[in-house]
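Working notes, beginning with the structure itself.
Predicted model only: the values in this text are computed from it and were never measured. Numbering starts at 1 and runs along the sequence shown. Counting starts at 1 for both ligands and their atoms, following the listed order.
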Amino acid sequence: MENREVARILRETASLLEIDGAQIGRYRSYEKAAELVGSLSEPITELAKDTQRLTALPGIGDRMAEHIQEILKTGDYNLRKKLLKKYPHTLLDLLTLQSLGPKKVALLWRTFKAATVDDVEKLAREEKLRDLPGFGEKSEQNILKAVEVFKKSSGRFHIHTADETAAKLIAYIQELGKKVEAVTPAGSLRRGKETIGDLDLLVTLPPGRDSTKDIDAIADHILKYPAIDQILARGENKVSFRLDSGMQVDVRLLQKESFGAALLYFTGSKEHNVALRGRANKMGLTLNEYALATLKGERRVAGKTEEEIYAKLKLDYIPPELRENTGEIEAAAEHRLPNLIRRQDIRGDLQMHTTASDGRNSIEEMAEAARELGHQYIALTDHSKAVTVANGLDEKRMLEQIKKIRAANERGLGIRLLAGIEVDILKDGRLDLDDEVLAQLDVVVTSVHSYMNLDSAAMTDRLLAAIENPYTQIIAHPTGRLLLRRDPFAYDMERVLDAARKHGVAMECNSYPDRLDLKDTYLRMAKDRGVKIVISTDSHSTTNLQFIRYGVLMARRGWLEKSDALNTLPVDALLGALRPKAGWARPVPPATVAVGKRGGGRTRSAAAGDKSH
Ligand code: DGT
Ligand code: CA
Ligand code: CA
Ligand code: ZN
């Protein structure tokens, strides 16, 4: 079992216990265990072989260790099963609605026997929720919004989930050894789309081992994959099934000769394919999943590789991330496709959290993991005080944290550590820490974590104010969306990007798989306006640092080149390219207090001095 599955069972148990009215200590212990298991880098199956190692984890006592072992042994958990006899399974869906926690779900169940998203939607529409304790007209509206997001997203998966599922399935299929030539992911996963509907895999057969009998044997093996919940179809060259996680998989079995044509076809997007077929037809050719051929199909022109098909269509090779029919075919015809940014171009990561706020690892642990990933520098950017749930830093703790970061940097960890902050943009656009403190930092990342439902005009003003603040260098997760869970903030992106360009503020491409924010189309919009991008992970543990590749994928989908992202630069060039500290001068204090204790001038020169070494 995967850590994530164990974590899910623990989390669901916690929620069901809370619905059931259990004591807070009881369900919290399951929640904490779920969080912990979800963030472990080592497989829990390994760790749990030794009970003492399990109980050595923070917050895991003897009882919880037994529970975890039961889950690993039986694939489920007895208490969860018992609770699900008492409450319908669909209550767990209700819990995924952004505005409903277990307490409210329990109340809806007790009062109306509301068990499904549809039940709750109906009650909200009929205005029956507003009079319940803890609800109001506003919560009815929020619930309706959340229902909409739920309906749009159900059946889709975050990209890292699809990626990991694909990797395991591919490894399993490859157990067949020489009977298969290659297993290649296609579809939206290959294009790097932000969420994935179903998984498309291509299995190529080696020449001479592609008889019907060979194909049958491969299909038999695939359909014995242990995580299959239900087989949906078995055709001559295709099998489809649904996994226990609910994810659907389409596997195509094909001849090596057609690999390029099939890969092109099943990578999509559909819109890109339609446009390519149109182009082929105009050239007197026909393109399908088997080959590019002359119109009547009498002669194959290409099919073995994608490269040769694009070449025969008189197009430069189009990377999968661009295949959305948004101008890439025209650009390929005119040899003006971008030279897309690559993972290895990234030299550092400018957003991550440590134990100082809500991260799981220390400064040193983050530094070491980042160095192992090949980064040359990182910025440690804990939360500021407004984010109380994340134990955000006030001025005093921030200054201590700066000292700690500088001291760790002095010790020489083989990676440059930059003192940073993810400072909150307050409701009115002000930043959540004093200028004196912000002036001492190397990197100031700003972001919104509260009052997310402001109307578009107010939210636009709020972001414009933050951008005009001379300390803001990077806006993190600019639209605040949580994929499959929460819609982006409403605001005027064009005005915000224009202001960012004017003030030299960079926008973040947040790589965390449930954010991916800015999204591809906004990244492209930013690039077109000359706004620089910083690709960061927003890591809350060392294991999150590798998410950088999803940010890079999103950046590629946004047509970004190496020069569009600031963290492709060496550290000194990066610091020089961020909004300059020279421009950070605050109004000079009146002469009478110019040399006073708060001496803004002094702080400023100290900060400038900092940058020069
Ligand atoms: P998804 O699964 O919703 O995340 O998105 P895709 O792009 O993976 O879509 P999917 O799985 O339905 O199909 C995979 C690719 O196969 C798709 O990108 C293009 C190709 N394809 C599938 N069905 C059709 C079709 O009816 N017509 C054309 N032209 N292409 C198709
Ligand atoms: Ca798909
Ligand atoms: Ca599919
Ligand atoms: Zn944040």
Query raised in the report: If you measure from the Lys or Arg side-chain nitrogens to the Asp or Glu carboxylate oxygens, is any gap between Asp220 and Arg234 under 4.0 Å?
Result: yes
Query raised in the report: Which ligand 1 atoms are under 4.0 Å away from a heavy-atom of Ile196?
Result: 4 (O)
Report task. Would you kindly specify which portion of Asp198 sits under 4.0 Å from ligand 1, judged on non-hydrogen atoms: side chain, backbone, both or neither? Result -> both
Query raised in the report: Which residue owns the protein heavy atom closest to atom 17 (C) of ligand 1, what's the atom, and how far is it?
Result: Gly268 CA, 3.9 Å
Query raised in the report: Among the heavy atoms of Leu189, does any lie under 4.0 Å from an atom of ligand 1?
Result: no
Report task. Flag the pair Asp200 and Arg252 as a salt bridge only when some basic side-chain nitrogen lies within less than 4.0 angstrom of an acidic carboxylate oxygen. Result -> yes
Report task. Before accepting this row, confirm whether a basic side-chain N of the pair Arg481/Glu194 lies closer than 4.0 Å to the acidic partner's carboxylate O. Result -> yes
Query raised in the report: If you measure from atom 1 (P) of ligand 1 to every heavy atom of Ala186, Ser188, Pro320, Ala262, which option wins on shortest distance?
Result: Ser188
Requested in this report: Could you tell me whether some N/O pair between Arg277 and ligand 1 is separated by less than 3.5 angstrom?
Outcome: yes
**Report entry** Proximity of Asp250 to ligand 1 by residue part, where a heavy atom lies under 4.0 Å
**Finding:** neither
Query raised in the report: How about Gln248: does its CD atom have over 12 heavy atoms from other parts shown lying under 6.0 Å from it?
Result: yes
Report summary line: Tightest non-hydrogen contact, residues Ser456 and Tyr491, listed as OG-CA, 3.5 Å
Query raised in the report: Would you say ligand 1 has an N or O under 3.5 Å from any N or O of Thr195?
Result: no
Report task. List the closest protein heavy-atom neighbour of atom 3 (O) of ligand 1: residue, atom name, distance to the nearest 0.1 Å. Result -> Arg156 NH1, 3.0 Å
Query raised in the report: What residue among Asn567, Asp349, Leu575 forms side chain to side chain contact (heavy atoms under 4.5 Å, CB included) with Tyr377?
Result: Asn567
Report summary line: In terms of its nearest heavy atom to atom 26 (O) of ligand 1, the top option of Arg191, Lys193, Lys270 is Lys270
Query raised in the report: Cationic tip of Lys519 within the cone over Tyr522's six-membered ring, i.e. under 6.0 Å and within 45° of the normal?
Result: yes
Requested in this report: Could you please compute the angle at the Ca ion (ligand 3) from OD1 of Asp200 to OD1 of Asp198, rounded to 10°?
Outcome: 100°
Query - Metal site the Zn ion (ligand 4): N/O/S of His477 inside 2.8 Å - result: yes
Query raised in the report: Would you call Lys145-Asp487 a salt bridge at under 4.0 Å N-O?
Result: no
Requested in this report: Write the atom name of the N, O or S atom in Asp250 that is nearest the Ca ion (ligand 3).
Outcome: OD2
Report task. Among all protein heavy atoms, pick the one closest to atom 31 (C) of ligand 1 and tell me residue, atom and distance. Result -> Tyr265 OH, 3.7 Å
**Report entry** Distance filter under 4.0 Å to Thr267 heavy atoms, resulting ligand 1 atoms
**Finding:** 18 (O)
**Report entry** Atoms in ligand 1 with a heavy atom of Gly197 nearer than 4.0 Å
**Finding:** 1 (P), 2 (O), 3 (O), 4 (O)
Report summary line: protein heavy-atom neighbour closest to atom 15 (C) of ligand 1 works out as Phe266 O, 3.2 Å
Report task. Kindly check if the number of other-residue, nucleotide or ligand heavy atoms within 6.0 Å of OH (Tyr451) is above 12? Result -> no
Query raised in the report: Should the heavy atoms of other residues, nucleotides or ligands under 6.0 Å from OH of Tyr290 be counted, would the total exceed 12?
Result: no
Query - Side-chain ion pair, Asp428 and Arg430, N-O less than 4.0 Å - result: yes
Query - Protein non-hydrogen atom below 4.0 angstrom of atom 12 (O) of ligand 1 present - result: no
Requested in this report: Scan the protein's non-hydrogen atoms and note whether one is under 4.0 Å from atom 28 (C) of ligand 1.
Outcome: yes
Query - Closest non-hydrogen atom pair between Phe266 and Ala186, with its separation - result: O-CB, 3.5 Å
Report task. Say whether Gly187, considering both its backbone and side-chain N or O atoms, lies within less than 3.5 Å of an N or O atom on ligand 1. Result -> no
Query raised in the report: Within 4.0 Å of atom 9 (O) of ligand 1 (strictly less), any protein heavy atom?
Result: no
Report summary line: For Asn273, the ligand 1 atoms with a heavy-atom partner under 4.0 Å come out as 19 (C), 30 (N)
Query raised in the report: Taking just the N, O or S atoms of Glu422, which one is nearest to the Zn ion (ligand 4)?
Result: OE2
Query raised in the report: Hey, is Arg191 close enough to Glu324 for a salt bridge, meaning N to O under 4.0 Å?
Result: yes
Query raised in the report: So, do Tyr265 and Ser258 sit near enough that their side-chain heavy atoms are less than 4.5 Å apart?
Result: no
